[in-house]
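For ligands, and for the atoms within them, numbers begin at 1 and follow the listed sequence.
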Amino acid sequence: MAAGHTDVIVVGAGFAGLYAHYRLCGLGLSALGFEAAPDVGGTWYWNAYPGARCDVESLDYCYSFSPELLDDWRWSERYATQPEILRYAHHVAERFDLRRDVTFATRVVAARFDRDAALWTVETDKGDRATARFLVAAVGPLSVAKLPDFPGLEDFVGRWVMTSAWPHEPVDMADKHVALIGTGSSGIQAIPVIAEQAARLTVFQRTPNFSLPARNGPPDPAYEALARSDYAAHIQRNRASRGGVQPKYTAQPGAIEVDEAARLARYEEAWDLGGTRMQAAFRDLMSDVAANDTAADFVRGKIRAIVVDPTVAQRLSPYDHPLGTKRICLDTDYYATFNRPNVTLVDIRSEPIERIATDGIVTAAGLYPADLIVFATGFDAMTGPLLAMNIEGAGGHRLADAWADGPATYLGLMVAGFPNLFLVNGPGSPSVLCNMLVAIEQHVDWIVDAIAHLRETGRSRIEALSEAQAAWVDEVRMVADRTLYPLANSWYNGDNVPGKPRVFLPYVGGFDTYVRRCAEIVSQGYAGFRLSPA
Ligand code: FAD
Ligand code: NAP
């Protein structure tokens with residue numbers, strides 16, 4: 001049982017928590033960490049499903065804080081698999097001795113701010129209790145899974161698993177009839193791999209998603225050479241970009257401004273080169289429905305060309321949201337998988353799932369037998385992990401009450417009424433719309449620099465002001481309303497969790513703009529924050 005007092009408590013030991021320990025240690029501050037998983041890695045510990053890999057190129061989806069680390073790690077693929085990314089997390093933890101202060105397999109279940117003592121106290125599911133001046137919630141945006149709530153699941157005699165909590169021992173699929181529910185990024189990555197391993201695979205799709213070919217393979221030697229020739233410049237280009245990765249297209253006319261031949265040529269090129277290029281092909285794809293329709297039509301055309309059965313192709317074609325307004329998926333052979341004789345697609349909008357039976361899934365059209373059910377049904381994103389900590393701020397105010405109508409933060413970093421509580425990639429920051437490793441480093445640097453500043457100026461308390469927070473909340477909403485994002489039913493808006501307030505969660509104004517704002521606020525003496533002695 002860990003207990004005691006430290007300068008900082010860090011909840012979570014994914015990439016954000018690990019980097020927080022590294023920076024805090026560098027400042028000579030004491031830190032205590034708690035992590036629900038038995039080891040480091042966060043997302044990359046939990047989501048160990050077949051086919052899991054990153055969708056930002058690994059040369060960019062990695063830490064940049066240490067030139068030595070950049071030099072001594074080589075990625076084997078353009079988009080590394082989950083085991084390789086987890087090995088990287090272990091390597092970082094070992095190289096910088098970052099496990100030392102973390103208590104693993106321990107979940108923080110309550111966090112309370114004592115106004116008189118100006119201290120945070122956390123409690124864990126193991127009965128630990130610890131206090132600290134500062135609390136850093138590095139709990140991740142996608143770490144609370146939506147639990148399957150299908151009637152009859154308890155009667156199912158086979159095995160069921162979630163992509164978001166995949167077992168670390170092998171899951172035998174040979175000779176098995178697998179049913180998979182959910183066709184977001186996780187399902188779309190897992191389906192082609194499971195189809196190869198299982199005897200049969202039945203995919204239950206509620207909403208088709210746009211998926212683009214990743215064109216995975218070894219890292220692009222030219223890109224790697226460019227990055228390694230001057231890492232500082234490479235990192236700077238990522239940090240100065242809208243999405244934390246330097247854009248693949250710099251000259252971006254509007255989609256309708258060019259003629260059809262030029263437009264299609266660019267879409268063909270983006271499709272052939274792979275990755276998320278398609279979304280960046282023209283500057284107005286995320287702000288103009290007519291422009292977006294041209295890209296969506298192009299992708300639907302590709303689906304028709306790949307999928308042999310026209311009925312299946314039609315079912316796989318998204319029509320209910322503009323391309324990119326739900327997180328775009330990157331795949332390897334996703335659409336072609338539906339040409340395999342052992343794969344069946346079930347459209348659960350036309351035949352809803354009624355219940356899970358002992359031996360399979362029952363829809364309005366009948367029973368689909370299954371020995372193994374895979375739930376790829378997503379997360380209570382961004383707010384879920386924070387609310388699950390039962391946080392009480394100054395005066396006993398609960399975060400759950402403060403956020404009853406949706407999350408309100410200042411810069412996604414702090415919440416008015418919750419002094420000395422820092423969020424890493426909280427709602428209202430670019431977070432999931434960004435290369436998250438770059439976003440994590442920027443947030444942790446901001447937080448640790450703020451703590452250092454307090455120390456240097458003889459103060460020990462920082463709190464977001466309500467007016468500054470309200471203005472930021474308005475800005476987050478306004479920039480989202482200028483885009484097509486609010487048109488989709490998506491977890492970005494909280495739509496996937498029944499009862500969750502509909503608020504666009506991340507800041508879509510661009511990482512570059514956001515970083516400038518954070519820096520300006522600091523240079524103005526932490527404008528919008530109150531800094532005070534305890
Ligand atoms: P996490 O990695 O989620 O780590 C948070 C940790 O906090 C978890 O280990 C969790 O167990 C722990 N925790 C949470 N609450 C508590 C508590 N109360 N007590 C104790 N411990 C707690 N982003 C990209 O930019 N590019 C990608 O390619 C990409 N791919 C992804 C693939 C998948 C399958 C998923 C789910 C997400 C992906 N993301 C991607 C987003 C990904 O979450 C981030 O890139 C990044 O890993 C987040 O790191 P983190 O440390 O902030 O959070
Ligand atoms: P998701 O995008 O929310 O997808 C969940 C899927 O499950 C959707 O198809 C959803 O359908 C379906 N679903 C949910 N509840 C259902 C129910 N009760 N009945 C039937 N279907 C149901 O979740 P995810 O795929 O885990 O991805 C979440 C995020 O994690 C991604 O957007 C991405 O940011 C990240 N991620 C990234 C990668 C990567 O490529 N690197 C891989 C995995 C995850 P509806 O659409 O109809 O709700």
Side-chain angles (χ1 to χ4, degrees), residues 10-20 33-37 39-49 51-58 60-61 79-80 82 85 89 102-111 122 124-125 137-146 148-150 162-164 181-190 204-209 211 214 243-245 318 320-321 326-331 348-349 352-353 375-379 381 384-386 388-390 424-425 431-440 443-444 488-492 495-498:
V10 179
V11 189
F15 284 127
L18 288 179
Y19 184 51
F34 293 102
E35 166 55 61
D39 206 339
V40 299
T43 289
W44 303 102
Y45 171 82
W46 293 109
N47 295 264
Y49 58 85
R53 53 176 78 245
C54 51
D55 61 3
V56 170
E57 292 191 37
S58 294
D60 297 304
Y61 187 71
Y79 301 98
Q82 171 271 330
I85 303 172
V102 184
T103 306
F104 290 100
T106 303
R107 184 173 289 280
V108 170
V109 292
V122 304
T124 76
D125 59 354
V139 290
L142 296 160
S143 63
V144 167
K146 274 179 54 178
D149 57 355
F150 296 88
M162 291 158 64
T163 49
S164 53
I181 303 178
T183 51
S185 302
S186 302
I188 282 177
Q189 284 187 331
F204 295 82
Q205 172 191 270
R206 187 162 69 184
T207 314
N209 252 315
S211 189
V245 191
D320 76 323
H321 64 281
K326 287 171 96 125
R327 170 85 173 200
I328 201 93
C329 304
L330 290 195
D331 72 86
I348 61 173
R349 289 216 187 260
I353 294 177
F375 295 100
T377 43
F379 300 87
L386 293 163
M389 274 205 293
N390 296 308
V424 185
N425 289 305
S431 181
V432 290
L433 293 178
C434 196
N435 170 2
M436 282 205 64
L437 261 286
V438 173
I440 283 169
H443 255 206
V444 171
N489 267 325
S490 84
W491 62 260
Y492 288 150
D495 294 314
N496 65 330
V497 175

Which segment of Y79 sits under 4.0 Å of ligand 2 when only heavy atoms are counted: neither

F150 to ligand 2, any heavy atom closer than 4.0 Å: yes

Backbone or side-chain N or O of R53 under 3.5 Å from ligand 1 N or O: no

Numbered atoms of ligand 2 (with element) below 4.0 Å of G378, judged on heavy atoms: 3 (O), 5 (C), 23 (O), 26 (O)

Short N or O distance, Y61 and ligand 1, threshold 3.5 Å exclusive: yes

Side chain, backbone, both or neither: N47 near ligand 1, heavy atoms under 4.0 Å: side chain

N/O separation below 3.5 Å, T183 to ligand 2: yes

Contact check: R206 vs ligand 2, nitrogen or oxygen atoms, below 3.5 angstrom: yes

Mode of C434 contact toward ligand 1 - side chain, backbone, both, neither (heavy atoms, under 4.0 Å): backbone

Proximity to ligand 1 by part of I440, non-hydrogen separation under 4.0 Å: side chain

Under-4.0 Å heavy-atom contact with ligand 2, by part of I353 that carries it: neither

M436 and ligand 1 - part of the residue with a heavy-atom distance under 4.0 Å: both

Salt bridge (charged side-chain N to carboxylate O under 4.0 Å, His left out) partners of D320, counting only residues at least two apart: none

Contact check, I181 vs ligand 2, heavy-atom distance below 4.0 Å: yes

Enumerated ligand 2 atoms positioned under 4.0 Å from heavy atoms of R349: 47 (O)

Proximity of F379 to ligand 2 by residue part, where a heavy atom lies under 4.0 Å: side chain

Side chain, backbone, both or neither: Y45 near ligand 1, heavy atoms under 4.0 Å: neither

Taking atom 19 (N) of ligand 1 as the reference point, the nearest protein heavy atom with its distance: V108 N, 2.8 Å

Ligand 1 versus F104: contacting region, heavy-atom distance under 4.0 Å: neither

Within reach of ligand 1, part of T43 (heavy-atom separation under 4.0 Å): both

Part of R53 with heavy atoms under 4.0 Å of ligand 2, whether side chain, backbone, both or neither: backbone

Part of A16 within contact of ligand 1 (heavy atoms, under 4.0 Å): both

Atom 46 (O) of ligand 2: nearest protein contact (heavy atom, Å): K326 NZ, 3.0 Å

N or O pair under 3.5 Å between F379 and ligand 1: no

Under 3.5 Å: N/O of T163 near N/O of ligand 2: no

Residue part near ligand 2, for A376, under 4.0 Å between non-hydrogen atoms: backbone

Atoms of ligand 2 close to Y49 [distance to a heavy atom under 4.0 angstrom, numbered from 1]: 42 (C), 43 (C)

For atom 53 (O) of ligand 1, closest protein heavy-atom neighbour: G140 CA, 3.1 Å

For ligand 2, the portion of C54 having any non-hydrogen atom under 4.0 Å away: backbone

Ligand 2 contact on I348 by region, counting heavy-atom pairs under 4.0 Å: side chain

